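What follows is a set of notes on a single structure, which appears directly below.
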Amino acid sequence: MNGPVRSGAAPSYYEATRAVSLATTPLDGDIVVDVAIIGGGITGCSAALDLAGSGLRVALLEAQDIGWGASGRNGGQVLPGYAIAQTSLKRLVGPEDARQLWDMSMEAVALVEQRVTDYAIPADYHKGYLYAAIRPRHERALEEEAAELTSLGLAGAEVLRGAAIQAHVASPRYRAIMTEPFSAHLHPLNYTLGLARAAQAAGAHLFSKTPVTAIEQGTVLRLKTPRGTVSAGTLLLSGGAYLGRLWPEVAGYVMPVGTYIVATEPRPDIPALLPLNEAASDLNFVLDYYRRSADDRLLFGGRVSYSSVPPPRLAQAMLARARAVFPQLANARADFTWGGLVDITRHRAPQFGRLAPNILMAQGFSGHGVALAGLAGRVLAEAARGQAGRFDVFARIPQARFPGGRAFRVPALLLATSYFRLRDLL
């Protein structure tokens, strides 16, 4: 994600409440490993954990701090599926691969819970989720989604209307909601740092403040950094929105998009806003998403930006969005406001691929990556060990570049987004 938008004593609420200590240093010297990983988010740390646990020598290189990017700044919503609808995914890849991709997404959610438990990660993990309908067409979409989830084997999805809504979300804004018990929410920075700590304990070498400046390809890969080199037989790229800076050939397949979150002060009325402590989002194209924190703040996310410059008066704008959902927050203040980049693909499906026989990448989780990123790390690790069956299922998802090249793809996307924003109002 991009540099944090600061409104409080720390860059983000998550940074202010980090509960996992992690000691890392920059690479200083030359090392030889079996697998090198670029990117210290959930994907990279997940891959490092699995690879080191299988006995391989692993080095992970992060240009900033572990968890600095999207993995440590996001909305903390742990969801099955993908940012692309399952029916659209089925049209792209066919029913057999679409079903396998769905099942792996369910595994991804279960993997988060398993790792939180197995490695005692203080991530404030809590199950429960709801989708909220603002427009009549959203109501129809919820009914269709509930039927689809049931057909895929996710039990418990239920569409609620009228007074039943208030038992889940105390807002006058919604016509209907769909609840489901499988999804969850957590503190994403503590989760990422917990994975990193577990990877270190398994024997992985994690280096922060270590940008890779060049990659020499060959049977043995050589990664150059400011103060040393890493030689490896296999390279895994998990740089998300930043991968294009190192490997420009893939830049056209993702669009870095800014999104933002505000954290209110701790308030005694926050538990009543979400009585069952479910996370939530609406169905707008530019959607709102929110949840309670462990210390009774509302964490409310939304907005999009195609510039590295945060929107003006961001804290006030985010609070206004939150108050449109919860008028009870009329006197709330913004203790923290921050933002970052999400790597969006053209059709919102993730992109996995081989850039060379011994260089693999995963990116483009499109704002749906808390669970998916952990599974992506596991699938990359399997492929690095020669078990590429599941990686190949992801790699078969067809990809398309954003139109317009570097000069015109942002204006083109702005035009498309403006259309969908107008549609959100109808």
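All values reported here derive from a predicted model rather than from experimental measurement. Just so you know, these numbers use all the heavy atoms, side chains as well, and skip hydrogens, waters and symmetry mates.
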Does any part of the side chain of [Y], heavy atoms only, come nearer than 4.5 Å to the side chain of [X], both counted from C-beta?
X	Y	answer
S366	V257	no
P266	D335	yes
H168	T179	yes
Y289	Q77	yes
L195	L49	yes
T345	Y253	no
F365	P350	yes
L149	W102	yes

Keeping the roles fixed (side chain from [X], backbone from [Y]), state whether a donor-acceptor pair exists under 3.5 Å.
X	Y	value
S71	I42	yes
R385	S54	no
H347	I84	no
S105	G81	yes
W338	Y260	no
T264	L298	yes
S171	V325	yes
R292	L274	yes
Y14	N74	yes
R323	L329	yes

Minimal non-hydrogen separation, [X] against [Y], with atom names:
X	Y	answer
A108	L375	CB-CB, 3.7 Å
T259	G302	OG1-O, 3.4 Å
P398	V93	CD-CG1, 4.0 Å
L51	A384	CD2-CB, 4.1 Å
A59	V230	CB-CG1, 4.3 Å
P95	K90	CA-CG, 3.8 Å

Applying side-chain contact (heavy atoms from CB on, under 4.5 Å), can you list everything that pairs with A280, at least two apart in sequence or on another chain? L130, Y290

Nearest 0.5 angstrom please: [X] [atom1] to [Y] [atom2], how far?
X	Y	atom1	atom2	answer
F352	Q399	CZ	CD	10.0 Å
L101	L92	CG	CG	10.0 Å
R348	R346	CZ	CZ	10.5 Å
Q100	M104	CD	CE	4.5 Å
L27	S208	CG	OG	10.5 Å
Q200	L193	CD	CG	10.0 Å

Should [X] and [Y] count as an ion pair when the cut-off is N to O under 4.0 Å?
X	Y	answer
E107	R390	yes
D97	R99	no
K127	E113	yes
D65	K209	yes

Would V35 and L56 count as a side-chain contact (heavy atoms from CB on, under 4.5 Å) here? Give the steps. CA-CA 7 Å; V35 182; L56 294 177; 4.3 Å; yes

For [X], side-chain hydrogen bond (donor to acceptor under 3.5 Å, both in side chains) partners two or more places apart:
X	answer
E145	none
D295	Y13, S293, R297
Q114	D118

Judged by modelled atom types alone, do [X] and [Y] share a side-chain donor-acceptor pair under 3.5 Å?
X	Y	result
H187	T17	yes
S281	Y129	yes
S238	T43	no

Take Y131 and I177, measure what side-chain contact (heavy atoms from CB on, under 4.5 Å) needs, and give me the verdict at the end. CA-CA 5 Å; Y131 299 87; I177 63 171; over 6 Å; no

Using the rule given for side-chain contact (heavy atoms from CB on, under 4.5 Å), can you reason through R57 versus V32, listing the C-alpha separation, both sets of side-chain angles and the distance that settles it, and then say yes or no? CA-CA 8 Å; R57 298 170 298 169; V32 178; 4.2 Å; yes

For the pair N284 and H138, evaluate side-chain contact (heavy atoms from CB on, under 4.5 Å) and give the outcome as yes or no after the intermediate values. CA-CA 8 Å; N284 278 335; H138 295 162; 3.3 Å; yes

Which side-chain hydrogen bond (donor to acceptor under 3.5 Å, both in side chains) pairs, counting each pair once, include a residue from residues 351-364, with sequence neighbours left out? Q351-Q363, R354-D392

Please report the C-alpha distance between R115 and S46 in whole Å, then the side-chain angles of each, then the deciding distance to 0.1 Å, and finally whether the side-chain hydrogen bond (donor to acceptor under 3.5 Å, both in side chains) criterion is met. CA-CA 10 Å; R115 283 174 161 170; S46 173; 2.7 Å; yes

More than 12 heavy atoms of other groups within 6.0 Å of E249 CD: yes

Counterpart residues, salt bridge (charged side-chain N to carboxylate O under 4.0 Å, His left out), relative to R378 (two or more places apart): D50

